[in-house]
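In what follows, a single structure is set out as structure tokens and then discussed.
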Number of protein chains: 2
Amino acid sequence: MYSVRPHEITLPFDPAETADDARLVFIGRIESPWKTRADCPKNLRIARERSQPARVHVAEPWRQGLSGLEDYAHIVLLYWMHEARRDIILQQPRHSLEPSGTFALRSPVRPNPIALATVTVLAIDQANGTLDIDAIDCIDGTPLLDIKPRIASIDDMPG
Amino acid sequence: MYSVRPHEITLPFDPAETADDARLVFIGRIESPWKTRADCPKNLRIARERSQPARVHVAEPWRQGLSGLEDYAHIVLLYWMHEARRDIILQQPRHSLEPSGTFALRSPVRPNPIALATVTVLAIDQANGTLDIDAIDCIDGTPLLDIKPRIASIDDMPG
């Protein structure tokens, strides 16, 4: 568990204990070269610089959902940062002079710790439910929530 | 509820009833010009072409988390497609000759119906928890899960 740093502000309640507006199913896991949080790159850019591929494992009932994904070179992954606190609303990143609101940061610490990565698909094996990808910024075993095709007309910066 | 079309395949269970690997909190709502699913653009590109702005409402306990977001011109929204089925794994889009796996589509119908939009911020009012945005592709009242700053080195197409 992260400890709270000076200047950080926590909520008067912990969403990890109180949240129940909707419920998620884990559809697989991400196999990553990073075995601990200390070892894990802080973001996808840094992860990519380390040139270590990763593998997404999709569990059996969901594998038919991969059909057609071979037409896309890039995908968006949503995954659940299961080790992250959810109750810090103002955070003090190590690299910053001032604290920032949680929604102005890409930190895994957030009310709903859903992370987002745009990655390159190197190979897909639908029968075994595996996707080899170029890089990832989460620890080994992180639960997978969703896979989407990346579509430039939707996902590029508008304008 | 969507009905199942010819060639679509449903799971032998419904994640809407069985999912409980993690729990979400709704941190606000999206105020949108689209009042019904029939009226709602099918994706963000089409929504943007209609030139109708929208507004994100962040509920009171979370508003401090917006601090610092004014430094970003573009944000990523995650929201919960609360009217979508979760049990269709092979889908037949109207515009396609062949069915596609759910993970090869941006359809709201998916095991975890989390949608993703990259939008332009027109104005932020942190005290009132509102963000005016250029466009959105969900119906009025859609629950909000997360706001992230869009960061080119992370979110652009790799390479």
Side-chain angles (χ1 to χ4, degrees), chain A residues 9 11-13 15 18-27 43-45 48 61-62 64-69 71-72 74 76 78 80 82 89-90 99-106 110-112 114 116 118-120 134-135 143 145-159, chain B residues 9 11-13 15 18-27 43-45 48 61-62 64-69 71-72 74 76 78 80 82 89-90 99-106 110-112 114 116 118-120 134-135 143 145-159:
Chain A
I9 294 178
L11 295 163
F13 58 97
T18 60
D20 195 14
D21 289 325
R23 298 181 179 190
L24 297 169
V25 58
F26 295 161
I27 61 166
N43 62 51
L44 195 59
R45 180 182 57 77
R48 198 159 271 134
W62 318 103
Q64 196 161 22
L66 297 171
S67 177
L69 196 58
D71 293 343
Y72 294 90
H74 304 284
V76 178
L78 298 181
W80 185 252
H82 56 303
I89 197 69
L90 203 71
S100 279
T102 288
F103 305 124
L105 297 169
R106 293 293 284 252
R110 48 212 316 120
N112 296 303
I114 302 169
L116 171 70
T118 299
V119 299
T120 301
D134 67 324
L145 298 176
D146 200 7
I147 302 172
K148 299 179 195 289
R150 191 187 192 281
I151 298 177
S153 67
I154 296 176
D155 297 310
D156 278 350
M157 198 96 76
Chain B
I9 293 177
L11 295 162
F13 58 96
T18 60
D20 195 14
D21 289 325
R23 298 182 179 191
L24 297 169
V25 58
F26 296 160
I27 62 166
N43 61 50
L44 195 58
R45 179 181 58 77
R48 197 160 272 132
W62 319 103
Q64 196 161 23
L66 298 171
S67 178
L69 196 58
D71 293 344
Y72 294 89
H74 304 283
V76 178
L78 298 181
W80 186 253
H82 56 303
I89 198 67
L90 202 72
S100 278
T102 288
F103 304 125
L105 296 170
R106 292 295 282 254
R110 46 212 317 121
N112 296 302
I114 301 169
L116 171 69
T118 299
V119 299
T120 301
D134 67 324
L145 298 176
D146 199 7
I147 302 172
K148 300 180 193 292
R150 190 186 194 281
I151 299 176
S153 67
I154 296 177
D155 297 309
D156 279 351
M157 197 97 75

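Note that the coordinates shown come from a computational prediction; the quantities given were computed from them, not determined experimentally. Only this structure's heavy atoms are used, side chains among them; waters, hydrogens and symmetry mates stay out. Within every chain, numbering begins at 1; the chains are lettered A, B, ... in the order of the sequence lines, protein sequences first and strands thereafter.
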Which atom of [X] lies closest to which atom of [Y], heavy atoms considered:
{"X": "A:Arg23", "Y": "B:Ala19", "result": "CB-O, 3.2 Å"}
{"X": "B:Trp62", "Y": "A:Phe103", "result": "O-CE1, 3.4 Å"}
{"X": "A:Ala104", "Y": "B:Gly68", "result": "CB-C, 3.6 Å"}
{"X": "A:Lys148", "Y": "B:Ile114", "result": "NZ-O, 2.6 Å"}

Per-residue contact mode, [X] against chain B (heavy atom under 4.5 angstrom):
{"X": "A:Asn43", "result": "side chain"}
{"X": "A:Val119", "result": "backbone"}
{"X": "A:Leu11", "result": "side chain"}
{"X": "A:Tyr72", "result": "side chain"}
{"X": "A:Pro15", "result": "side chain"}
{"X": "A:Ile9", "result": "side chain"}
{"X": "A:Asp71", "result": "neither"}
{"X": "A:Leu145", "result": "both"}

Using non-hydrogen atoms only, which part of B:Ile27 is less than 4.5 Å away from chain A: side chain, backbone, both, or neither?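 Looking at B:Ile27, just its side chain touches chain A.
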So what's closer than 4.5 Å to chain A heavy atoms on B:Leu78: side chain, backbone, both or neither?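 Contact with chain A: side chain only.
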Does the side chain of [Y] come within less than 4.5 Å of [X]'s, by heavy atoms?
{"X": "A:Asp21", "Y": "B:Pro143", "value": "no"}
{"X": "A:Leu24", "Y": "B:Leu24", "value": "yes"}
{"X": "B:Thr18", "Y": "A:Val25", "value": "no"}

A:His74 NE2 to B:Met157 CE distance, which is reported to the nearest 0.5 Å: 5.0 Å
Kindly compute the distance separating CD1 (A:Ile89) from CG (B:Leu66), expressed to the nearest 0.5 Å.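 So the gap between those two atoms works out to 8.0 Å.
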Determine the sole option in B:Arg106, B:Arg150, B:Arg45 for which the salt bridge (charged side-chain N to carboxylate O under 4.0 Å, His left out) test with A:Asp155 is passed.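 Considering B:Arg106, B:Arg150, B:Arg45, a salt bridge (charged side-chain N to carboxylate O under 4.0 Å, His left out) with A:Asp155 is found only for B:Arg106.
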For each of B:Asp134, B:Leu116, B:Thr102, B:Asp156, tally heavy-atom pairs with chain A at distances under 4.5 Å, and name the one with the top tally.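 Most pairs with chain A among the choices: B:Leu116.
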When only pairs under 4.5 Å are counted, which of A:Val76, A:Leu44, A:Leu105 shares the most heavy-atom pairs with chain B? A:Leu105
Selection from A:Ile151, A:Thr120, A:Leu90, A:Ile147 maximising heavy-atom pairs under 4.5 Å formed with chain B: A:Ile147
